[in-house]
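A short worksheet on the structure shown next.
Quick note on labels: first sequence line is chain A, next is B, and so on, each numbered from 1.
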2 protein chains.
Amino acid sequence: MLNDSEKLKIKIDDFKAKCREKGLKITPQRLAVYQTLLKSKMHPSAEMLFREVRKEVPNISLDTVNRTLLTLADIGDAFILEGSGDVKRFDADLKNHQHFKCVKCKKIIDFHHKPFDNIKVPESISSKYIVLRKTVYLEGICDICRKKK
Amino acid sequence: MLNDSEKLKIKIDDFKAKCREKGLKITPQRLAVYQTLLKSKMHPSAEMLFREVRKEVPNISLDTVNRTLLTLADIGDAFILEGSGDVKRFDADLKNHQHFKCVKCKKIIDFHHKPFDNIKVPESISSKYIVLRKTVYLEGICDICRKKK
DNA sequence: CTCTGTGCAAACACTTTGCAGCTAA
DNA sequence: TTAGCTGCAAAGTGTTTGCACAGAG
């Protein structure tokens, strides 16, 4: 079994390879952002990560962190947590149902799949936290945007 | 079986009762926002709903719509769709895992519950849309915020 | 009459864009 | 050398706040 620092090294190397492959330059800022995100356990926002990265690369700008994160999401080395970052969307339908969101046009499609209604929250969560809502959330590309491409 | 307009009427009456119970005033604006949200099938943002409500109450302000929606979420007659509305949050952990988010402190807690890893997307969705990500998403109050209260 | 809700405007937070200089390849 | 990257500043978008007046209870 590899230890953590070895695992980290491998990930970084993979990342470098991927950058080269995609024609992205390997800059100290990019590496720092990626590395810091890898080590972070709190699903940081750009701002949070920025403060962290700054400890290593003091003159990095928030914009660079922002752009780098988007790049990472783009090449698939990170992802943006479910739906975050969009404007608030509201729903008054309190009945059990699930949502599919198109990442292109942001449309939200309701669906109802019985087996998803009563998913069981694991003991490890329910014993410690108060669960107010549990949902299955799908993200992808809708039929219309699919055709456009 | 009740028809749609009867169902709507009942919901509105329930809503009025709840307002009275909570000491909230029943204003035309509030009713219009709630009613329009109930009828809306597109999970509108404040802006979208504002445009809609304006057709009925032409001089309502966007702020009122915004505030009313937050109030609705507060009293439990509507909810904010999974994760929408917050700043972007990133995750570099590409392994299968799920998230629990505390609605108070916005902390996101990872957990991994094997049965959630391979939830089956219903045919009705997978045949029409391209599903890129599927997640189980829980929302509630974390242990720390729970104690604070 | 009282106190909450509304509308307006300003402040705010976060993100995106444009651009000139810099730097990895 | 040269495309892509960075840092700064400005603009953009959505949300929140403060306040005086209006209107529900």
Side-chain angles (χ1 to χ4, degrees), chain A residues 12-13 15-36 43-54 56-75 77-78 80-81 83-90 103 106, chain B residues 12-13 15-36 43-54 56-75 77-78 80-81 83-90 103 106:
Chain A
I12 303 274
D13 284 345
F15 174 64
K16 285 185 187 169
K18 198 176 227 171
C19 284
R20 268 188 282 270
E21 187 188 308
K22 305 237 175 192
L24 298 171
K25 294 190 174 161
I26 296 159
T27 64
Q29 290 92 332
R30 223 164 238 173
L31 281 177
V33 169
Y34 180 62
Q35 217 163 128
T36 310
H43 311 294
S45 64
E47 183 80 36
M48 287 152 94
L49 201 68
F50 170 59
R51 280 197 289 269
E52 210 51 41
V53 175
R54 213 164 202 188
E56 316 268 325
V57 187
N59 61 332
I60 195 171
S61 76
L62 172 59
D63 313 64
T64 299
V65 175
N66 243 312
R67 276 185 281 223
T68 306
L69 286 170
L70 293 179
T71 307
L72 289 177
D74 223 49
I75 63 173
D77 271 331
I80 301 175
L81 286 203
S84 70
D86 288 319
V87 298
K88 282 192 185 65
R89 302 280 288 263
F90 297 85
V103 295
K106 314 278 186 195
Chain B
I12 303 274
D13 284 344
F15 174 63
K16 285 185 188 170
K18 198 178 226 171
C19 282
R20 268 189 282 268
E21 186 189 308
K22 304 235 174 193
L24 298 171
K25 293 188 177 165
I26 296 159
T27 64
Q29 291 92 332
R30 225 166 236 173
L31 282 176
V33 169
Y34 180 62
Q35 214 163 130
T36 310
H43 312 292
S45 63
E47 182 80 36
M48 289 152 94
L49 201 69
F50 170 59
R51 280 196 290 270
E52 211 50 42
V53 176
R54 215 165 199 187
E56 316 267 328
V57 186
N59 63 332
I60 196 172
S61 77
L62 172 58
D63 312 63
T64 299
V65 175
N66 242 314
R67 276 186 280 220
T68 305
L69 286 170
L70 294 179
T71 306
L72 289 177
D74 224 49
I75 63 173
D77 271 331
I80 299 174
L81 284 204
S84 72
D86 287 318
V87 298
K88 282 193 186 65
R89 302 280 288 263
F90 298 85
V103 296
K106 313 281 185 196

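Remark: A:Asp86 engages A:Lys101, A:Lys106 in a salt bridge (charged side-chain N to carboxylate O under 4.0 Å, His left out) (not counting sequence neighbours). With sequence neighbours left out, A:Asn66 forms a side chain to side chain donor-acceptor pair (under 3.5 Å) with no residue at all. With sequence neighbours excluded, no residue forms a side chain to side chain donor-acceptor pair (under 3.5 Å) with A:Asn59. Every residue two or more places apart in sequence or in another chain was checked for a salt bridge (charged side-chain N to carboxylate O under 4.0 Å, His left out) with B:Glu56, and none qualifies. The side-chain contact (heavy atoms from CB on, under 4.5 Å) test applied to A:Thr36 returns A:Leu49, A:Glu52, A:Val53, not counting sequence neighbours. The side-chain contact (heavy atoms from CB on, under 4.5 Å) test applied to B:Thr71 returns B:Leu24, not counting sequence neighbours. Every residue two or more places apart in sequence or in another chain that forms a side-chain contact (heavy atoms from CB on, under 4.5 Å) with B:Thr27 is listed here: B:Lys25, B:Gln29, B:Arg30.
The stretch residues 56-65 of chain A comes close to DNA chain C through A:Asp63, each having a heavy atom under 4.0 Å from the strand. The stretch residues 25-32 of chain B touches DNA chain C through B:Lys25, B:Thr27, B:Gln29, B:Arg30, each having a heavy atom within less than 4.0 Å of the strand.
Taking the side chain as every heavy atom from C-beta outward, B:Phe90 and A:Ile80 approach each other to under 4.5 Å. Between A:Asp77 and A:Lys18, some side-chain heavy-atom pair lies under the 4.5 Å cut-off. Between B:Tyr34 and B:Ile12 there is a side-chain heavy-atom pair separated by less than 4.5 Å. Two residues are said to be in side-chain contact when any heavy atoms from C-beta on lie closer than 4.5 Å; A:Arg54 and A:Val65 fail this criterion.
Mapping B:Asp86 and B:Gly23 onto DNA chain C by nearest heavy atom places B:Gly23 closer to the 5' end of the strand.
Expressed to the nearest 0.5 Å, how far CD of A:Glu47 lies from CG of A:Leu62 amounts to 5.5 Å. To the nearest 0.5 Å, atoms OG1 (B:Thr64) and CG (B:Leu69) are separated by 10.5 Å. In this structure, CG on B:Asp74 lies 12.0 Å from OG1 on B:Thr68, to the nearest 0.5 angstrom.
Axis angle across the helix from C:dC1-D:dG25 to C:dA25-D:dT1, with five pairs used at each end and values rounded to 10°: 40°.
B:Arg89 places no side-chain N or O within donor-acceptor distance of the main-chain N or O of A:Leu81, the cut-off being under 3.5 Å.
Of all nucleotides in DNA chain D having an atom under 4.0 Å from a heavy atom of chain B, the first and last in 5' to 3' order are D:dT16 to D:dG25. A 4.0 Å heavy-atom criterion places the boundary nucleotides of DNA chain C facing chain A at C:dT16 to C:dA25, written 5' to 3'.
Nucleic acid contact class of A:Leu70 (heavy atoms, under 4.0 Å, all strands): sugar-phosphate only.
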